[in-house]
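Step one of this worksheet: look at the structure below.
For clarity, every value in this text was computed on a predicted model and none was experimentally measured.
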Amino acid sequence: MPQCTIKALFMAIFLAGITLAQGKAQQPYQPMRGTAERTAILNAVRPKIEAEMRGPVIFVVRTLRVLDGWAFMQLDPQRPDGRPINPANTIWADDIEMMDGLTVWALARNSTGGWGLVDAVTGPTDVAFFNWPEFYGAPAVIFGFESP
């Protein structure tokens, strides 16, 4: 094989590697369970949801996507001992028939003071976060609206 062909092949492989690395940098990731980052993100949501649920909660994380200082999540709150939350004991007691359960959709942002809650909705029957990318300036890919 001629030397120029080998150089061209290696250059193509090198450039493909750079392109793949750059593409991966733009993909959301999910912080691992037990990490400080994941705890901080969930703790940003916790006060609002504990007020709504009228007591302490832990979250079953259904979705958690983080990118560029933004975190989007779908969470199912439950009591710290793992028991489900009785909707009759929440602020939603009178509205639960009009809701889609107690699932929480939330958006958090990491700023100089750490992770803070931007918005959260509990039990929406429609895609309540549809306009969050445009309204808050969060990357649409964390919501699953576009590919990285």
[X] and [Y]: which non-hydrogen atoms are nearest, and at how many Å?
X    : Y    : value
R65  : G144 : NH1-N, 3.6 Å
P80  : P56  : CD-O, 3.4 Å
A128 : P124 : CB-CB, 3.8 Å
A88  : A93  : O-CB, 3.5 Å
A120 : K48  : O-CE, 3.7 Å

When you compare the side chains of T103 and D76, does any donor N or O come within less than 3.5 Å of an acceptor on the partner? yes
Report yes if some heavy atom in the side chain of [X] is under 4.5 Å from a heavy atom in the side chain of [Y]; otherwise report no.
X    : Y    : result
F145 : W132 : no
M32  : R38  : no
V127 : W105 : no

Step through it carefully: locate the ring centre of F130, locate the ring centre of F143, and say whether they are under 6.0 Å apart. no
Between the CD atom in Q27 and the CD1 atom in I142, the distance rounded to the nearest 0.5 Å is 14.0 Å
Mind checking the CG-OG1 spacing from D95 to T122? Nearest 0.5 Å is all I need. 11.5 Å
Residues L107, R109; criterion side-chain contact (heavy atoms from CB on, under 4.5 Å); working and verdict: CA-CA 7 Å; L107 179 65; R109 178 103 195 246; over 6 Å; no
D81 and side chain to side chain donor-acceptor pair (under 3.5 Å): which partner among R83, R79, Q78?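 Exactly one candidate clears the test, R83.
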Under a single-linkage rule joining Ile, Leu, Val, Met, Phe, Trp and Tyr whose side-chain heavy atoms are separated by less than 4.5 Å, which residues share a cluster with I85?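 Reading the cluster by chain and number, I85 sits alongside Y29, I41, L42, V45, I49, M53, V57, F59, V61, L64, V66, M73, L75, I91, W92, I96, M99, L102, V104, W115, L117.
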